[in-house]
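Both counts, for ligands and for their atoms, begin at 1 and track the order of listing.
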Amino acid sequence: MDNWKTRTKLVHAGTRRSQYGELSEAIYLTQGFVYPSADTAQARFDKLGDDEFIYARYGNPTVAMFEDRIAALEEAEAAFATASGMAAVNGALFALLEAGDHIVAAKALFGSCLFIVENLLPKYGVEVTLVDGTDLNAWEAAMRPNTKVCFFETLSNPTLEVVDIVGVAAIAHKAGAKVVVDNVFATPIFQRALSLGADVVIYSATKHIDGQGRCLGGVVLGEKAFIRGPLEMYLKHTGGALSPFNAWVMLKGLETMDLRVRAQAESALSLAKALEGHNKLARVIYPGLESHAQHALVADQMEAGGTVISLEIKGGKAPAFRVLDALEIILISNNLGDAKSIVTHPATTTHSRLSEAQLAELGIGEGLIRLSIGLEDADDLLADLKQALKSA
Ligand SMILES: *Cc1c(COP(=O)(O)O)cnc(C)c1O
């Protein structure tokens, strides 16, 4: 299996077949497991074997198939699946940090990630420094003797800024800190954060892994000593377990993820190119465009620019709202990575909790809209965007 290529791993890795030899992976919809003898029960509670289970909060065969499949894709030693992306972020940070430690995080974080870093961690005695993630000097300057974690998302949401994973990892590791990357926007297909130097990688499986808007889920990947050690200890006792049914949806999502994400990124690039210079737009942000401020870094650490484009509509909120309302195929929602193309106005929805000063600092203007490109025909999407932009 180690030399299988991505698509083969995504279809076959981690499969566990029952005595019936089912072709499609089974859903083991059970919270508990029965032991043939009291001795077996005692032995399992004493030391759990590799493919043994005692309770679904600790593990389940369908969940294990999902964990093993995504671990194979990422070439990670181990993975722990969670009920949502936020359970994964929360688990990773709380398992790595304790009172008296310090975390350095990029300012441009998903709203709930920012809440954990800014509001929750300080309540438990963790010191926090937020930096401009694109500035390596800022990371370097923020390091302290008690810095234990550097945490960031790359690509960032919604301005699609890129953090230099190799650069931050060098700074963090010199100071003895771990690098935790939320790799959702880049996807595991286009960016291998672990091989670039991250110690822990997190996904909201709700996004591209499901890819069809059905279930919440998440996963944390990294070294076995961490995943099956402190992370598992934290998550199994605090209850963020992924349900077997949702694990099955994610497992089947992985089978088609490479095909889906590549098709979505191809459409995103062609749309970004077609819209660049449009007279109703102040900016087209897409990491695959040569005009992206960090195009060289994108080329170094990503295989493609991803599935999200951000557009700055000239004139602010009113014309931006008119464009959203005029779109016919592209739906107003806040998921991303979905088969259906989606548009979001971050300043009034996903980022409405931020102050005006924070929004300005992050470059999230009133005219900014975020497009998650789906699996529809790119010509239809371009026609929809062009007709809607007329009302801007
Ligand atoms: C969606 C998202 C999350 C949270 O994931 P949920 O599955 O909604 O809990 C975390 N980080 C990023 C970058 C996301 O896009």
Side-chain angles (χ1 to χ4, degrees), residues 63 66 70 79-94 103 105-121 130 133 149 151-163 165 179-191 193 198 200-221 235 238-243 245-247 249-250 253-254 257 261 264 268 287 302 306-310 333-338 340 342-344 346 349-354 362 364 370-374:
V63 176
F66 169 63
I70 186 141
F80 196 98
T82 55
S84 68
M86 286 324 302
V89 172
N90 179 64
L93 295 182
F94 275 79
I103 178 174
K107 275 178 211 161
L109 291 180
F110 183 77
S112 302
C113 296
L114 190 64
F115 178 77
I116 291 180
V117 170
E118 255 196 322
N119 301 75
L120 287 186
L121 290 176
L130 294 175
V149 170
F151 174 53
F152 55 91
E153 297 165 15
T154 181
L155 309 164
S156 74
N157 172 31
T159 51
L160 310 177
E161 286 180 349
V162 187
V163 177
I165 301 175
V179 176
V180 180
V181 176
D182 179 333
N183 204 40
V184 167
F185 272 64
T187 80
I189 301 300
F190 297 138
Q191 179 169 276
V200 176
V201 170
I202 293 165
Y203 291 100
S204 162
T206 316
K207 313 294 167 48
H208 304 83
I209 294 174
D210 175 352
Q212 288 150 88
R214 298 164 294 195
C215 294
L216 290 174
V219 65
V220 186
L221 298 118
L235 282 168
T238 55
L242 182 63
S243 86
F245 180 80
N246 288 8
V249 172
M250 301 306 179
L254 284 178
M257 180 171 68
V261 165
Q264 287 166 259
M302 294 184 70
T307 63
V308 176
I309 306 172
S310 288
S333 185
N334 39 272
N335 191 22
L336 64 105
D338 201 272
K340 295 178 173 62
I342 286 168
V343 65
T344 311
T349 58
T350 54
H351 291 68
S352 58
R353 211 171 58 83
L354 300 188
L362 294 174
I364 305 171
R370 184 188 83 190
L371 290 170
S372 167
I373 304 304

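Ranking protein heavy atoms by distance to atom 15 (O) of ligand 1, first place goes to Lys207 NZ, 2.7 Å. For atom 6 (P) of ligand 1, the nearest protein heavy atom (residue, atom name, distance) is Gly85 N, 3.3 Å. When only non-hydrogen protein atoms are considered, atom 11 (N) of ligand 1 lies nearest to Asp182 OD2, 2.6 Å.
When each atom of ligand 1 is checked for a heavy atom of Gly217 under 4.0 Å away, the hits are 7 (O). Of all the atoms in ligand 1, the ones that sit under 4.0 Å from a non-hydrogen atom of Thr206 are 6 (P), 7 (O).
In terms of polar-atom proximity, defined here as any N/O pair under 3.5 Å, Glu153 makes no such contact with ligand 1. Residue contacts with ligand 1: Leu336 is placed with no nitrogen or oxygen under 3.5 Å of a nitrogen or oxygen of the ligand (distance criterion only).
For Gln191 (side chain) and Met302 (main-chain N/O), no donor-acceptor pair under 3.5 Å exists by modelled atom type. Not one N or O on the side chain of Ser84 forms a donor-acceptor pair closer than 3.5 Å with the backbone of Gly217. A donor-acceptor pair under 3.5 Å is formed between the side chain of Asp210 and the backbone N or O of Cys215. Remark: the backbone N or O of Asp338 is paired with a side-chain donor or acceptor of Gln264 at under 3.5 angstrom. No donor-acceptor distance shorter than 3.5 angstrom exists from the side chain of Ser333 to the backbone of Ile342, with no hydrogens or angles considered.
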Worksheet entry | Trace of the side-chain contact (heavy atoms from CB on, under 4.5 Å) decision for Val219 with Phe80 | CA-CA 6 Å; Val219 65; Phe80 196 98; 5.9 Å; no
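Residue contacts with ligand 1 for Met86 involve both N, CA, C or O and side-chain atoms from C-beta outward (heavy atoms, distance under 4.0 Å).
A distance of 6.0 Å separates CD1 in Ile165 from CG in Asn183, rounded to the nearest 0.5 Å.
Using 4.0 Å as the threshold, Ala205 has no heavy atom nearer than that to any atom of ligand 1. The closest approach between Val89 and ligand 1 stays at or above 4.0 Å for every heavy atom of the residue.
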